[in-house]
Amino acid sequence: MWRQHRYKMLFSLLLLLSGLLLAIDIGSAKHSNEFDWLDILGEGTTLLVACGWLGLIISSRPAGRITEWLYYGSLLLVYSYFLDLLDEFIRYPEHIRLMSWLESLPAPVGMLVLTYGLIGWHREQRAINRQLRGRELFLRDHQLIDPLTQLYGIEYLQAVLQREIELHQSQHKALGLLVLDIDNFAEFNRQYGIANGDAYLGQLSELLSNQLRHSDVVCRYAGDRFIALLPNTALAQTNIMAQHLRQQLSQLSVESSRPQLTLVEMAVQQDNAQSALHAADQAMALAKKTATHKLQPI
């Protein structure tokens, strides 16, 4: 997630640096005997907590409108708390009120922006919870779970994909799909044994479950093929998630052998699950011919 927010992080550092340079230019340093260490401890702790909020936002949320509100609301609080801490070390002339305004005004504005973002986050989470509750109904039938990988099977994939297509079309939202195939898996089983093949499938399914979001649906589509359904995910964001997944998958190994993988990302534009899965199979077949989406083990 960090790479999606690198420009926000750069802007934040520049903003704090500009505040520091402005404070140094306007004010003068206090002597150590003028420091109020109790205030420094309290204001420093508040600043660290606000910085922690920023870190949590950029490490757990994808780029988007709600993330923008949450991030910049928290950033305004950080900026205000940062300047508040600086005045414990720097004395400003009485006739210059600029630093006092910069210290006081961002905090209430930041609280309003952050609150608006939290409301959006709450609505977003409620929508996700509704989807998860619907998916849990399918889990009550254990035949829909693949016993080896503990992932959803093809029947669940077809059912939930059809429902998600209808839901996203009605709401005019994007729906992404990741298709992962193990190249020559039958040959791998013959050479290294079925036990090693099963162990590799278990590791692969665990990695997919850990690296994708809780709202995503990971399924074992066939013996050597996996599909991940990404709700509310545009193609650009799907590409970012695929790139992240490629980096993680390249490190997956089974003893001395590392099967080659092919990963394809696509946007679901079909109006039914059967057509979408057919398009996914075609995209995978094309990727295998061109070798542009293959993951070479490291």
Side-chain angles (χ1 to χ4, degrees), residues 1 3 132 135-136 138-161 176-230 233 238-266 268 273-274 276-298:
M1 293 293 182
R3 292 186 177 181
L132 292 178
R135 291 167 187 163
E136 286 173 358
F138 290 101
L139 291 177
R140 295 179 182 177
D141 185 351
H142 297 291
Q143 294 179 355
L144 298 177
I145 298 293
D146 175 59
L148 176 60
T149 62
Q150 294 300 302
L151 296 177
Y152 306 108
I154 185 172
E155 292 182 3
Y156 178 87
L157 172 63
Q158 292 173 335
V160 77
L161 178 56
L177 210 66
L178 296 177
V179 188
L180 176 68
D181 190 90
I182 308 173
D183 298 339
N184 300 318
F185 189 56
E187 178 62 29
F188 175 82
N189 280 332
R190 284 193 294 269
Q191 184 174 356
Y192 297 100
I194 295 178
N196 280 333
D198 289 348
Y200 181 78
L201 288 174
Q203 294 181 26
L204 184 58
S205 60
E206 183 178 0
L207 185 147
L208 291 173
S209 299
N210 291 337
Q211 294 300 322
L212 294 174
R213 304 167 301 187
H214 293 299
S215 58
D216 301 330
V217 181
V218 186
C219 302
R220 188 182 182 187
Y221 179 50
D224 55 0
R225 185 166 298 181
F226 298 81
I227 287 184
L229 184 61
L230 314 179
T233 307
T238 302
N239 292 335
I240 293 174
M241 296 179 66
Q243 184 60 34
H244 169 74
L245 204 55
R246 287 189 179 95
Q247 295 174 354
Q248 300 300 317
L249 289 168
S250 63
Q251 303 175 24
L252 186 64
S253 65
V254 177
E255 296 180 355
S256 60
S257 176
R258 303 177 181 184
Q260 190 177 65
L261 302 170
T262 303
L263 178 64
V264 175
E265 61 272 24
M266 58 175 285
V268 177
Q274 184 176 0
L277 293 176
H278 180 67
D281 290 336
Q282 288 183 322
M284 178 57 69
L286 180 61
K288 285 181 175 291
K289 289 181 180 179
T290 59
T292 55
H293 292 74
K294 291 185 180 295
L295 282 70
Q296 296 289 348
I298 60 174

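We number each residue from 1, following the sequence as shown.
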Measure across [X] and [Y] and return the closest heavy-atom pair with its distance rounded to 0.1 Å.
{"X": "Ala276", "Y": "Val268", "answer": "CB-CG1, 4.0 Å"}
{"X": "Val264", "Y": "Ala283", "answer": "CG1-CB, 3.9 Å"}
{"X": "Val179", "Y": "Met284", "answer": "O-CE, 3.3 Å"}
{"X": "Ser209", "Y": "Leu151", "answer": "OG-CD2, 3.4 Å"}
{"X": "Phe188", "Y": "Gly197", "answer": "CE2-CA, 3.7 Å"}
{"X": "Thr262", "Y": "Ala287", "answer": "CG2-CB, 3.9 Å"}

Measure the shortest side-chain to side-chain distance between [X] and [Y] over non-hydrogen atoms and say whether it is less than 4.5 angstrom.
{"X": "Leu177", "Y": "Leu230", "answer": "no"}
{"X": "Leu180", "Y": "Leu261", "answer": "yes"}
{"X": "Arg213", "Y": "Met241", "answer": "yes"}
{"X": "Leu277", "Y": "Gln158", "answer": "yes"}
{"X": "Met266", "Y": "Thr238", "answer": "no"}

key: Gln150 atom CD, over 12 foreign heavy atoms within 6.0 Å   =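 Check passes, neighbour count above 12.
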
task = Hey, can you tell me if Tyr156 and Tyr152 have their rings parallel, tilted or perpendicular (30° and 60° cut-offs)?
result =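 Answer is parallel, since the angle falls under 30°.
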
Can you tell me how far [atom2] of [Y] sits from [atom1] of [X], rounded to the nearest 0.5 angstrom?
{"X": "Leu263", "Y": "Arg246", "atom1": "CG", "atom2": "CZ", "answer": "4.5 Å"}
{"X": "His244", "Y": "Leu249", "atom1": "NE2", "atom2": "CG", "answer": "9.0 Å"}
{"X": "Glu187", "Y": "Ile182", "atom1": "CD", "atom2": "CD1", "answer": "14.0 Å"}
{"X": "Gln248", "Y": "Leu207", "atom1": "CD", "atom2": "CG", "answer": "6.5 Å"}
{"X": "Ser205", "Y": "Leu148", "atom1": "OG", "atom2": "CG", "answer": "7.0 Å"}

Short side-chain to backbone donor-acceptor contact, Arg220 and Thr149, under 3.5 Å =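 The answer is no, because no donor-acceptor pair under 3.5 Å joins these two groups.
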
query = Would you say the side-chain atoms of Asp216 pair up with the backbone N or O of Leu212, donor to acceptor, closer than 3.5 Å?
reply =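 Looks like no, no N/O pair under 3.5 Å.
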
inquiry  = Pairing donors with acceptors under 3.5 angstrom, does anything connect the side chains of Asp281 and Tyr221?
reply    =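 Looking only at side-chain atoms, Tyr221 and Asp281 do form a donor-acceptor pair, the distance falling under 3.5 Å.
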
key: Distance-only side-chain donor-acceptor flag, Gln274 / His278, under 3.5 Å   =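 On atom types as modelled, these side chains do not qualify, holding no pair under 3.5 Å.
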
